Amino acid sequence: AQSVTQPDIHITVSEGASLELRCNYSYGATPYLFWYVQSPGQGLQLLLKYFSGDTLVQGIKGFEAEFKRSQSSFNLRKPSVHWSDAAEYFCAVGPPGGGNKLTFGTGTQLKVEL
Amino acid sequence: GAVVSQHPSRVICKSGTSVKIECRSLDFQATTMFWYRQFPKQSLMLMATSNEGSKATYEQGVEKDKFLINHASLTLSTLTVTSAHPEDSSFYICSARTYSGEATDTQYFGPGTRLTVL
């Protein structure tokens, strides 16, 4: 069965510092990969997605993610974090060929210190 | 583009009553919509997959008679929580799937509905 692991439940970074959120997945084939962000009491906003092709994916708000097949990872990065980036971040996988039934990780809560 | 709305954003009801939550794709047609439930500080749990014009597919452990889903049009799906009880209190989030080719296959999420059952 597919699964998504986000090893870090909480991460605290200083504003202006770089950020990397980890995501590892278990899947029979290369799945579709997504990163979503959720602000308190809000729904999820898509940051970026990977289906195929270039393994470095650019998203909104200055985020990027790199797909590493050998490590079954899809880590999210940002060179310089802003205070407004404080939120919950979810990694998700979907079956290749179709975005049905996303499987979500447990999320990483990002706190930004000023 | 790809905006999904939910209504209401927040609802408080008495135990035993039914509550309907609407999910709309505002600028695209969605043949498939999904309903999730999120408990505090936890991830999203898929409840059911809703396909336009057909019966919803429920995940294991989700009571289909308690959580009624209707997907009558390509832009609207509704979730009705019947005979709600305090344990049904939760944050309910819908998503709508875009698909016009593999590269566009993505779920876009609504802002969620906070249900509190007294």
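Please read these numbers as outputs of a predicted model, since none were measured by experiment. In the text below, chain A, chain B and the rest are named by the order of the sequence lines, each starting its count at 1.
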Establish whether [X] and [Y] are linked, either directly or via other cluster members, by ILVMFWY side-chain heavy-atom contacts under 4.5 Å.
X: A:L21; Y: A:V4; answer: yes
X: B:L79; Y: B:L46; answer: no
X: B:M45; Y: B:F34; answer: no
X: B:L74; Y: B:L76; answer: no
X: A:W35; Y: A:I60; answer: yes

Quiz prompt | Interface residues of residues 105-114 of chain A facing chain B - heavy atom cut-off under 4.5 Å | solution =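 From residues 105-114 of chain A, the residues near chain B are A:G105, A:T106.
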Quiz prompt | Residue pairs passing the side chain to side chain donor-acceptor pair (under 3.5 Å) test where at least one lies in residues 109-118 of chain B, sequence neighbours excluded | solution =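 Sorted pair list: B:Q6-B:T113.
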Exercise. Under 4.5 Å, counting heavy-atom pairs only, tell me which of B:G112, B:S9, B:P111 racks up the most with chain A.
Key: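 Top option by heavy-atom pairs under 4.5 Å: B:P111.
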Measuring from [X]:[atom1] to [Y]:[atom2], what's the distance to the nearest 0.5 Å?
X: A:Y36; Y: B:T106; atom1: OH; atom2: OG1; answer: 6.5 Å
X: A:K49; Y: B:Q107; atom1: NZ; atom2: CD; answer: 11.5 Å
X: A:Q38; Y: B:L44; atom1: CD; atom2: CG; answer: 6.5 Å

Exercise. Would you mind checking which part of A:F90 comes under 4.5 Å of any heavy atom in chain B, side chain (CB onward), backbone (N, CA, C, O), both or neither?
Key: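 The side chain, not the backbone.
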Practice problem: Using the test salt bridge (Lys or Arg N to Asp or Glu O under 4.0 Å), find all partners of A:E64 that sit at least two apart in sequence or belong to another chain. | Solution: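 Here the qualifying residues are A:R77.
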Practice problem: Could you pull out all residues at least two apart from B:E52 that satisfy salt bridge (Lys or Arg N to Asp or Glu O under 4.0 Å)? | Solution: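 Scan of B:E52 (salt bridge (Lys or Arg N to Asp or Glu O under 4.0 Å), adjacent residues dropped) gives none.
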Quiz prompt | Exercise: identify the closest heavy-atom pair between A:L44 and B:F109 | solution =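 That would be O-CB, 3.3 Å.
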Quiz item: Should we count NZ of B:K64 as having more than 12 external heavy atoms under 6.0 Å?
Solution: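 Incorrect, the count does not exceed 12.
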